[in-house]
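Heads up: the structure comes next, in structure tokens.
Keep in mind it's a predicted model, so treat the numbers as computed, not measured. Order of appearance sets the numbers: ligands from 1, and atoms from 1 within every ligand.
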Amino acid sequence: MASTHRTFPLLLFLCTLSCTAWAKVELTKQESVEVFLGKSAEISVHYRITGPDYTAGVIIQWHVRTLGNNTIQRLYYSDDSLQMVDNNTDYSSRINVRSDHQETVLTISDVQLSDERVFFCQINAKFAGSAEGKTLLRVFAPPAAPVIEGVLTGISVTNEGPSKVASCEARNGYPTPNITWYRNSTSLMTTPGKVNVLNVVTRESNGFYSVQSTLEYNVVKEDKDAYFSCEVSYFVPSAVRTVESKRINVSVHYHTTMVALWKESPKKGLVKEGDNVELRCQGDGNPPPSFIFNKEQEMQVLNSSDDRLILTAVSRKDSGIYQCRPLEAESNTKVKGEMQLIVHYLDPATVIPKDLEVMSKGENLTATCNALSSLKTSTNWYKNGKSVGEGNRLLLQDASYETTGEYVCEVTLLSLPALRTQGSVHIIVKGGPELVGVGQELELELEESVGGVVNLSCEAHGHPLPTITWDIVGSQTWYEVVKRADDLSAQSVVSVRVTSDTRALCNVSNDLGSETRLFSIKAVPLASTIAPFSSAEGSELIIVMIILCLLLLVILGSVLYFLHKKGTIHCGRSGKQYITKENGAKEDIVMEMKTNPKAEDAVLLQVVKADKKDSNDQ
Ligand SMILES: *[C@@H]1O[C@H](CO)[C@@H](O)[C@H](O)[C@H]1NC(C)=O
Ligand SMILES: *[C@@H]1O[C@H](CO)[C@@H](O)[C@H](O)[C@H]1NC(C)=O
Ligand SMILES: *[C@@H]1O[C@H](CO)[C@@H](O)[C@H](O)[C@H]1NC(C)=O
Ligand SMILES: *[C@@H]1O[C@H](CO)[C@@H](O)[C@H](O)[C@H]1NC(C)=O
Ligand SMILES: *[C@@H]1O[C@H](CO)[C@@H](O)[C@H](O)[C@H]1NC(C)=O
């Protein structure tokens, strides 16, 4: 109060006048008191009054400097008889003062931002004079954690000067917080042309300070892997604290300087015709550009998607050098990727001679088998599934009928086993007939019991296919049971019933010659080969005899009748003829008998004998 101030010189004057010279008031105070918003602040003042006992009549007063009109306002007054908090001040309800003879403490509860003011303490002693101390109350409020926001669009390294990279905000602090920027934990200081930091401090209506900071930075390609963060620093009672924001990275855009082109699939191995091939192109630019593909020295742009070129069912025509270039504005078009694609192939095998070749016996022939390929080929020859030669030439020397057949050549690629091809030639050796089998003898002698059956076989190689004819003398009953022919040989088997010594001539012939084989069959009488008759055979014989007798009787009867009619008897050749006829009749009867089930044993016996003969022949 103005009135209090005016009393100071008067009191001092009175003191110097009426008190002893050494009496005085000494006061110790704090320069400032620091406190968090909302907490209680204590401002304490120590005092000492020296001289005689002048403690009585001490007056203690607390004042504050008002904010608006910068005047001093009393908050508290006490003397020997009175202790009083002034009414109608900002502090009437929030302060408390306790004092003793050395100290007075002002406590302010629920400190507000507006409490950051200077507080005065005034001690008056009647005779020792007075003293005054002032203390600044400082209030602190930590800001909220900083919030960082990176630029969402990519930043191009070609931008001139620093570009906005991120902004950071720290809100509601007191006093004003500071913001510091970091790139990979290194603080960024404002550097002309490289780093700009723009800060805007806002005083909020509630008294807090908010700081918004913008970082402008000259990005380079290396920043694609860098992260940025901001840090807020603020004062708290007797300390400085810091809080870091989260880290962000920015997408840095830069042009492609290098491009690589490679075969993505097939991953391993060589490319062959018919494969699907995928080529991929990649550059070091960001964002990854699209690419255009072409073949070297061909202007035509190939149909691709982004960074892939897909070639389906490639052929040898697709071999060549492929290139890819990034498709980006204002980029260096000289940057390109390149690779060579080789499509391997194996053409169908060509065999010479073609398809079918006829050669003469004893001749030589060289067959060749070739298949055009981009790789080294390997050729193998097979006949009837068996290997007969290697290499693309097959020499057939001194041709024989065994040379006849189909020759298959197979061409393979060592480094690309998936590719293989085949070709073939059918070789036929021509020549005169050549009898085969049964030791190749031209004359054979055999024995057979009278009435027995022999199978005579004649087989011959030859080209053209030999015809087989039989000339059989001595037996009327023979017929061909087997007639067979393939491209190499012909065979004929005749079944001959032996009635007497028989000569069978087999003539095998074709345009180029003929050969014959003679079978001489000696007929052996039945008795000598078949020892005792079985009872069944005996009875059969008796029946035959009876029939013969009856026939004789009939003949005799007719002769007698004839003689009786003509009255003469002629003796001679006609009788003999009858006898031969008898033989023929006997044959007929035997044949009939064979159909009789009772004759089975006899037939069986004959088969057994024929088997025996066959095994003897061999
Ligand atoms: C100064 O302001 C305070 C309130 O802040 C008020 O109580 C006081 O009357 C004012 N004094 C003058 C001289 O205007
Ligand atoms: C930030 O960087 C990390 C690691 O370097 C990376 O994995 C991430 O994708 C990047 N994010 C952006 C938005 O660039
Ligand atoms: C904020 O920055 C100013 C100026 O550089 C400095 O004087 C002050 O001490 C800083 N405050 C904090 C809390 O670091
Ligand atoms: C075999 O038959 C052929 C052709 O019919 C004939 O030319 C040849 O003289 C015959 N050979 C004999 C020995 O009969
Ligand atoms: C002769 O051959 C034919 C046909 O192969 C066969 O049925 C028959 O039993 C054979 N005869 C003899 C006596 O081997």
Side-chain angles (χ1 to χ4, degrees), residues 34 138-143 146 168 170 173-182 187-190 197-201 208-213 230-244 432-435 437-438 442-443 446-460 462 464-473 475 477-484 490-498 502-519 521 529 594 602-618:
E34 303 190 335
R138 299 186 64 189
V139 183
F140 297 89
C168 178
Y174 191 93
T176 314
N178 283 354
I179 285 177
T180 316
W181 285 95
Y182 289 89
S187 69
L188 289 169
M189 296 299 168
T190 297
V197 176
L198 310 168
N199 291 327
V200 177
V201 179
F208 292 113
Y209 290 101
S210 293
V211 184
Q212 212 211 7
S213 181
C230 65
E231 184 190 70
V232 62
S233 57
Y234 53 91
F235 291 109
V236 292
S238 63
V240 175
R241 278 189 199 159
T242 59
V243 173
E244 199 190 335
E434 227 174 53
L435 280 161
V438 202
L442 296 183
E443 277 202 45
L446 2 144
E447 285 190 350
E448 180 58 46
S449 52
V450 174
V453 173
V454 259
N455 276 355
L456 305 178
S457 170
C458 213
E459 184 177 4
L465 205 60
T467 27
I468 304 174
T469 54
W470 292 89
D471 182 16
I472 298 170
V473 184
S475 168
T477 317
W478 63 272
Y479 48 93
E480 198 169 31
V481 289
V482 174
K483 188 178 170 69
R484 187 186 59 76
Q491 190 191 13
S492 170
V493 178
V494 288
S495 189
V496 180
R497 177 170 296 275
V498 178
T502 305
R503 286 164 58 83
L505 186 71
C506 157
N507 182 349
V508 292
S509 66
N510 67 7
D511 297 352
L512 300 169
S514 67
E515 262 191 3
T516 54
R517 175 179 283 166
L518 179 65
F519 298 90
I521 307 160
T529 48
K594 281 179 83 176
V603 174
L604 266 172
L605 195 67
Q606 282 173 344
V607 172
V608 169
K609 278 195 314 183
D611 286 345
K612 237 168 144 183
K613 190 125 277 157
D614 278 352
S615 54
N616 285 348
D617 288 348
Q618 284 161 2

Practice item. Determine, using ring centers only, whether F140 and Y174 are less than 6.0 Å apart. Key: no
Let me see the working for L446 and E448 under side-chain contact (heavy atoms from CB on, under 4.5 Å), right down to the final yes or no.
CA-CA 7 Å; L446 2 144; E448 180 58 46; over 6 Å; no
By number and element, which atoms of ligand 3 are closer than 4.0 Å to a non-hydrogen atom of Y234?
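Matching atoms, with element in brackets: 13 (C).
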Inset, instruction - Using distance alone, determine whether N455 and ligand 5 share an N or O pair under 3.5 Å. - result: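 Right, the criterion is met.
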For V453, the ligand 5 atoms with a heavy-atom partner under 4.0 Å come out as 13 (C)
task = Heavy-atom cut-off of under 4.0 Å around ligand 4: list whichever protein residues fall inside it, by chain and number.
result =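 Contacts of ligand 4 under 4.0 Å: N507, S509, T516.
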Residues that E480 engages under salt bridge (charged side-chain N to carboxylate O under 4.0 Å, His left out), provided they are two or more places apart:
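E480: no salt bridge (charged side-chain N to carboxylate O under 4.0 Å, His left out) contacts found.
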Tabulate below the donor-acceptor pairs under 3.5 Å that side-chain atoms of residues 230-237 make, not counting sequence neighbours, or state none.
residue: E231; atom: OE1; partner: Y182; partner atom: OH; Å: 3.2

Item checked: Closest non-hydrogen atom pair, F519 against L456 ->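 Closest heavy-atom pair between F519 and L456: CD2-CD2, 3.8 Å.
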Exercise for the section: Decide yes or no on side-chain contact (heavy atoms from CB on, under 4.5 Å) for I472 and T502, but give the supporting numbers first. Expected result: CA-CA 7 Å; I472 298 170; T502 305; 3.7 Å; yes
>> Could you work out, with side-chain contact (heavy atoms from CB on, under 4.5 Å) as the rule, every residue matching N507, not counting sequence neighbours?
In response: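 Once residues adjacent in sequence are excluded, the partners of N507 under the side-chain contact (heavy atoms from CB on, under 4.5 Å) criterion are T469, S509, S514, T516.
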